[in-house]
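By convention here, the first residue in the shown sequence is residue 1. These numbers come from the heavy atoms of this one structure, side chains and all, not from hydrogens, waters or symmetry mates. Since the model is a prediction, treat every value here as computed from it, not as a measurement.
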Amino acid sequence: MDKKMLAALNDQVNAEFHSAYLYLAMSAHFENIGLPGFASWMKVQAQEEMVHAMKFFNFILDRGGKVDLPAIEKPKGTWKSVSEMFADALEHEHYITKRIHDLVALAIKVNDPATQSFLQWYVDEQVEEEKSAGDMLQKTRMVEKAPGALYFVDREAAARVFTMPAGVTI
Ligand SMILES: [Fe+2]
Ligand SMILES: [Fe+2]
């Protein structure tokens with residue numbers, strides 16, 4: 001595999017684990033402030049990020065590349081409000097989408113159709129990621145000033161469950 005491509009894929013393993021760290025930090029904070037439904041929602045989100053990371057990890061090895069695992073950056077740990085957390089989550093997903101698109105551009109530049117094809121899953125996944133964070137931001141902004149309503153949105157968020165995507169082993 002092209003050296004620059006390999007380095008960029010390794011960077012993305014790290015970025016996906018950092019995403020998992022960020023959502024785990026949010027999950028812990030929600031638990032601390034008495035919102036277990038959002039805490040559970042964020043834990044599911046973190047599990048999905050670990051799957052994203054492991055798919056890159058497996059792909060690098062499948063292509064005969066060397067996996068490099070640098071330190072994972074410490075995430076932010078406190079937030080002023082529920083909607084601020086989902087605003088951060090949405091902003092983070094925009095950032096990840098940009099990274100995925102840059103990876104696609106690099107795969108095209110170095111003429112690596114296998115990586116380009118592999119990345120398509122992430123291009124589609126990011127549409128979902130932005131939508132789910134955006135939906136939660138919109139909902140929590142609407143009910144934030146009404147604790148009773150926030151309680152029900154928290155209960156609703158608890159229904160989200162983790163499902164392993166088809167064909168993935170980690
Ligand atoms: Fe991700
Ligand atoms: Fe994500």
Side-chain angles (χ1 to χ4, degrees), residues 8-60 67-103 121-170:
L9 291 173
N10 267 307
D11 275 354
Q12 194 59 26
V13 173
N14 189 269
E16 298 290 350
F17 275 123
H18 177 255
S19 302
Y21 252 36
L22 174 65
Y23 296 136
L24 277 178
M26 289 183 179
S27 176
H29 184 70
F30 276 131
E31 197 72 52
N32 286 152
I33 62 173
L35 292 166
F38 292 130
S40 162
W41 193 97
M42 279 298 177
K43 206 180 268 178
V44 171
Q45 188 62 33
Q47 283 174 291
E48 289 196 357
E49 298 302 350
M50 287 187 259
V51 169
H52 297 171
M54 290 309 293
K55 273 175 71 82
F56 277 110
F57 177 98
N58 291 337
F59 180 74
I60 291 168
V67 166
D68 174 44
L69 296 171
I72 301 164
E73 190 195 334
K74 185 178 167 62
K76 181 172 163 179
T78 55
W79 289 266
K80 283 193 217 78
S81 69
V82 171
S83 65
E84 189 192 285
M85 295 171 84
F86 285 107
D88 276 5
L90 180 59
E91 191 189 310
H92 184 72
E93 290 302 335
H94 285 149
Y95 161 71
I96 294 292
T97 299
K98 165 90 173 65
R99 293 187 60 112
I100 297 292
H101 293 177
D102 288 349
L103 285 172
W121 185 88
Y122 289 89
V123 171
D124 299 338
E125 176 69 7
Q126 282 310 117
V127 174
E128 286 304 309
E129 291 282 83
E130 289 188 14
K131 180 176 169 17
S132 65
D135 285 352
M136 291 302 275
L137 174 60
Q138 198 174 31
K139 258 188 221 177
T140 52
R141 265 190 186 152
M142 245 186 296
V143 300
E144 200 151 37
K145 301 283 184 291
L150 187 63
Y151 172 82
F152 282 104
V153 177
D154 180 71
R155 289 261 307 257
E156 189 187 270
R160 183 184 185 189
V161 287
F162 172 72
T163 44
M164 189 66 93
V168 179
T169 48
I170 64 167

- Do Met54 and Phe17 pass the side-chain contact (heavy atoms from CB on, under 4.5 Å) test, and can you show the C-alpha distance, the side-chain angles, and the key distance before you say yes or no? CA-CA 9 Å; Met54 290 309 293; Phe17 275 123; 3.9 Å; yes
- Task: Decide yes or no on side-chain contact (heavy atoms from CB on, under 4.5 Å) for Leu24 and Gln45, but give the supporting numbers first.
- Result: CA-CA 8 Å; Leu24 277 178; Gln45 188 62 33; over 6 Å; no
- Derivation and outcome, side-chain contact (heavy atoms from CB on, under 4.5 Å), residues Leu103 and Phe56: CA-CA 12 Å; Leu103 285 172; Phe56 277 110; 4.2 Å; yes
- Residues Ile96, Glu16; criterion side-chain contact (heavy atoms from CB on, under 4.5 Å); working and verdict: CA-CA 8 Å; Ile96 294 292; Glu16 298 290 350; 4.0 Å; yes
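The ring pair (Phe, Tyr, Trp, His ring centres under 6.0 Å) contacts involving residues 25-46 comprise His29-Trp79, Phe30-Phe38, Phe30-Phe86, Phe38-Phe86, Trp41-Phe86, where partners must be two or more places apart or lie in separate chains. For residues 154-170, the pairs satisfying salt bridge (charged side-chain N to carboxylate O under 4.0 Å, His left out) are Glu48-Arg160, Lys139-Glu156, with sequence neighbours left out. Applying the ring pair (Phe, Tyr, Trp, His ring centres under 6.0 Å) test to residues at least two apart or on different chains, none of the pairs has a partner in residues 125-161.
For the residue pair Pro36 and Glu31, the shortest heavy atom distance occurs at CB-OE2, 4.1 Å. The two residues Ser83 and Leu137 come nearest to each other via the heavy atoms O-CD1, 3.3 Å. The minimum heavy-atom distance between Ala39 and Ser27, with the atom names listed, is O-OG, 2.7 Å. Contact record, His52 with Tyr122: O-OH, 2.7 Å, taken as the closest heavy-atom pair.
Shown here is Lys43, whose NZ atom has no more than 12 heavy atoms of other residues, nucleotides or ligands within 6.0 Å. Within a 6.0 Å sphere centred on NZ of Lys76, heavy atoms belonging to other residues, nucleotides or ligands number more than 12.
The main-chain N or O of Ala71 is found under 3.5 Å from a side-chain atom of Asn14 such that the two form a donor-acceptor pair. Within the 3.5 Å criterion, the main-chain N or O of Glu93 finds a donor-acceptor partner in the side chain of Thr97. Of the possible donor and acceptor atoms, one in the side chain of Asn10 sits under 3.5 Å from a partner among the backbone N and O of Asp68. A donor-acceptor pair is defined here as one N or O able to donate and one able to accept, closer than 3.5 Å; such a pair exists between the side chain of Glu144 and the backbone of Val82.
Gln126 and Glu130 are not linked by any side-chain donor-acceptor pair at a separation below 3.5 angstrom, with hydrogens and angles left out of the test.
Taken from OG in Ser132 to CG in Leu90, the straight-line distance is 9.0 Å, to the nearest 0.5 Å. Here the straight-line distance linking atom CH2 of Trp121 with atom CD1 of Ile100 works out to 9.0 Å at 0.5 Å rounding. Separating the CD atom in Glu84 from the CE atom in Met26 is a distance of 9.0 Å, to the nearest 0.5 Å. Considering NZ of Lys55 and CD of Gln12, their distance stands at 13.0 Å, rounded to 0.5 Å. A distance of 10.5 Å separates OG1 of Thr140 from CG of Asp135, quoted to the nearest 0.5 Å.
Residue Tyr95 is tested with Arg99, His92, Lys98, Glu91 for a side chain to side chain donor-acceptor pair (under 3.5 Å); the sole match is Arg99.
A search for side-chain contact (heavy atoms from CB on, under 4.5 Å) contacts involving Glu73 returns His18, not counting sequence neighbours. With sequence neighbours excluded, the residues forming a ring-ring contact (aromatic ring centres under 6.0 Å, His included) with Phe59 are Phe118, listed by chain and number. Under the salt bridge (charged side-chain N to carboxylate O under 4.0 Å, His left out) criterion, Asp11 pairs with no residue at all, not counting sequence neighbours.
Residues Leu69 and Val13 meet the side-chain proximity criterion, which asks for heavy atoms closer than 4.5 Å. Between Leu22 and Ser19, every side-chain heavy-atom pair lies at or beyond the 4.5 Å cut-off.
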